[in-house]
Amino acid sequence: MPPSTQPTPSLPMAPSEAMDIPTDWPALWSRILQARAAAADQPPGPPAEPCSARGAALQALYQPLLDARVHPGGAPWVVAQLGQSLDGFVATATGDSYYVNGAHGLLHLHRLRALCDAVLVGAGTVAIDNPQLTTRRVPGPQPVRVVIDPAARLDGRARVFRDGQAPSLWVCDARHAAAARARLPGDGANGPHPADVLPVDGLLDEGSGLRAYRPGHAVAALARRGLRVLFVEGGGMTVSRFFAAGALDRLHLVLAPVLIGSGRRGLQVPAHDVMADCPRPAARRFALGEDLLWDLDLTQPASPGGSASRST
């Protein structure tokens with residue numbers, strides 16, 4: 001399954017969008033990164049210095065990722081982000097996804113990468129989009145890049161396995177680890193960050209077909225490697241599978257004011273016959289330029305009856 005060679009064009013930021021980033025944000029982001037790097041002996045609080053209302057809202061959006069670093073018992077903590085159209089698609093029927101979301105959504109994506117130990121994508125996203133999964137648009141550390149490919153379907157030629165920009169892990173069922181290793185470059189072939197294979201026993205769910213797997217097994221294996229704060233970036237099928245498995249603590253669902261009609265589906269959740277049974281996670285809204293981010297806390301008990309959303 002060769003990766004796409006389609007170039008990734010730059011996305012300019014319109015003047016109106018640039019105004020949405022407060023002037024105090026660079027200093028605030030620097031303090032957030034300092035809190036991320038600090039010893040995890042107490043939850044990092046809000047910035048001590050006064051900041052703008054927009055800056056405070058951004059801080060509140062990213063605060064759960066800082067709090068996750070002192071999660072009781074050192075348990076893993078998982079956030080997912082998915083950008084999609086109003087009618088629930090992440091790309092057109094031809095696979096074109098440049099750009100569903102605007103410039104602010106792209107910056108948000110890179111900030112999430114910088115605040116997590118690892119960024120996870122599925123094999124389909126790597127095969128179609130060939131992403132870099134780096135923090136090149138914002139200051140901050142590079143996360144470990146993780147590709148979830150249980151049956152080792154990829155050919156090992158994707159950028160994440162060969163560009164050496166950051167450490168990479170190819171996560172597959174232990175029975176397919178040898179095949180994955182055979183497709184990776186040899187030692188020293190991609191500089192200081194060679195890709196590695198992480199075999200996981202029982203990752204594949206044999207009773208549900210070749211592509212079905214157990215997300216919790218992957219999360220546990222990554223936590224044993226010291227990667228506890230995890231970011232599931234995509235695609236829609238991977239985020240949906242983690243959601244259905246109860247493997248997410250938080251979900252950032254970014255809706256763009258665009259209608260696609262048909263294409264690659266975004267978030268898909270287990271169906272309910274009765275509206276009263278449909279979960280309504282604790283939620284808050286956040287404007288990202290023209291896009292609207294729904295910040296869903298999946299650790300709180302869902303309220304079937306009413307909404308718990310508020311605007312920020």
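Keep in mind that this is a model prediction, so the values were computed, not measured.
- Grouping the Ile, Leu, Val, Met, Phe, Trp and Tyr side chains by contacts below 4.5 angstrom, directly or via other members, places Leu82 apart from Val100.
- Put simply, the side chain of Asp277 never gets that close to the backbone of His272: no donor and acceptor are under 3.5 Å apart.
- In this structure, CG in Asp249 is found 11.0 Å from CD in Gln300, a value given to the nearest 0.5 Å.
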**Report entry** CA sep, side-chain torsions, deciding dist, call: Arg225, Val146, side chain to side chain contact (heavy atoms under 4.5 Å, CB included)
**Finding:** CA-CA 12 Å; Arg225 295 282 291 254; Val146 176; over 6 Å; no

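- Criterion: ILVMFWY side-chain heavy atoms under 4.5 Å apart, direct or through other members. Under it, Ile21 and Phe286 are part of a common hydrophobic cluster.
- Ring geometry, Trp170 versus Phe161: the interplanar angle falls under 30°, so the pair is classed parallel (tilted spans 30 to 60°).
- Between Gly234 and Thr238, the closest heavy-atom pair is O-CB, 3.6 Å.
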**Report entry** Criterion side chain to side chain contact (heavy atoms under 4.5 Å, CB included) on Leu255 and Trp294, from CA distance to verdict
**Finding:** CA-CA 8 Å; Leu255 300 180; Trp294 282 93; 4.0 Å; yes

Requested in this report: Before giving the answer on side chain to side chain contact (heavy atoms under 4.5 Å, CB included), spell out for Val79 and Leu115 the whole-Å C-alpha distance, their side-chain angles and the decisive distance to 0.1 Å.
Outcome: CA-CA 11 Å; Val79 60; Leu115 293 177; over 6 Å; no

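- Two residues are said to be in side-chain contact when any heavy atoms from C-beta on lie closer than 4.5 Å; Leu292 and Arg285 meet this criterion.
- For the atom pair Thr135 OG1 and Arg113 CZ, the distance stands at 8.5 Å (nearest 0.5 Å).
- Side-chain atoms of Gln59 do not come within 3.5 Å of backbone N or O of Leu28 as any donor-acceptor pair.
- For residues 250-276, the salt bridge (charged side-chain N to carboxylate O under 4.0 Å, His left out) pairs, not counting sequence neighbours, are Asp129-Arg264, Arg250-Asp295, Arg250-Asp297.
- Follow the hydrophobic side-chain contacts under 4.5 Å out from Phe89 and you never reach Leu251; the two are in separate clusters.
- In this structure, Arg214 pairs ionically with Asp205, as a charged nitrogen and a carboxylate oxygen lie closer than 4.0 Å.
- Annotation for Pro281 and Leu296: closest pair CB-CB, 4.3 Å, computed over non-hydrogen atoms.
- The shortest distance between side-chain heavy atoms of Gln165 and His193 does not fall below 4.5 Å.
- Side-chain contact between Leu227 and Leu169 is present, with heavy atoms from C-beta onward closer than 4.5 Å.
- In this structure, Leu204 and Ala212 approach most closely via the heavy-atom pair CD2-O, 3.4 Å.
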Query raised in the report: salt bridge (Lys or Arg N to Asp or Glu O under 4.0 Å) between Arg69 and Asp117: does it pass, once the steps are laid out?
Result: CA-CA 10 Å; Arg69 297 199 165 274; Asp117 298 328; 2.9 Å; yes

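- Side chain of Asp24 to backbone of Ser52: a donor-acceptor contact under 3.5 angstrom is found.
- Interatomic distance, CD of Glu233 versus CG of Leu109, reported as 4.0 Å (0.5 Å rounding).
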Report task. Please test Arg111 against Trp29 for side chain to side chain contact (heavy atoms under 4.5 Å, CB included), starting from the C-alpha separation and ending with a verdict. Result -> CA-CA 9 Å; Arg111 291 173 192 146; Trp29 177 246; 3.6 Å; yes

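- Between Arg54 and Trp25, the closest side-chain pair of non-hydrogen atoms is not below 4.5 Å.
- Counting only distance, with no hydrogens or angles, the side chain of Asp149 and the backbone of Ala123 share no donor-acceptor pair below 3.5 Å.
- Residues Ser85 and Asp87 bring a donor and an acceptor atom of their side chains to less than 3.5 Å of each other.
- Considering every non-hydrogen atom in both Leu107 and Arg137, the closest pair reads CD2-O, 3.9 Å.
- Between Tyr62 and His108, a ring centre-to-centre spacing shorter than 6.0 Å is recorded.
- Here the rule is side chain to side chain contact (heavy atoms under 4.5 Å, CB included) with Val254, and of His104, Gln81, Gln84 only Gln81 fits it.
- The shortest heavy-atom contact between Arg228 and Ala68 is NH1-O, 3.8 Å.
- Put simply, CZ on Arg159 and OG on Ser168 are 12.0 Å apart, with the number rounded to the nearest 0.5 Å.
- Looking only at side-chain heavy atoms (C-beta outward), Asn101 and Leu106 stay at 4.5 Å or farther from each other.
- Smallest separation of non-hydrogen atoms from Pro143 and Cys116: CB-O, 3.7 Å.
- For the pair Asp163 and Arg145, the salt-bridge criterion is met [side-chain N within less than 4.0 Å of a carboxylate O].
- In this structure, the separation between CD1 on Ile32 and CD on Gln63 is 8.0 Å, given to the nearest 0.5 Å.
- Hydrophobic clustering (ILVMFWY, side-chain heavy atoms < 4.5 Å, transitive): Phe243 and Val90 are in one cluster.
- Hydrophobic clustering places Leu120 together with Val200 (ILVMFWY residues linked when any side-chain heavy atoms are closer than 4.5 Å, directly or through intermediates).
- Once rounded to the nearest 0.5 Å, the distance linking NE2 of His110 with OG1 of Thr134 reads 6.0 Å.
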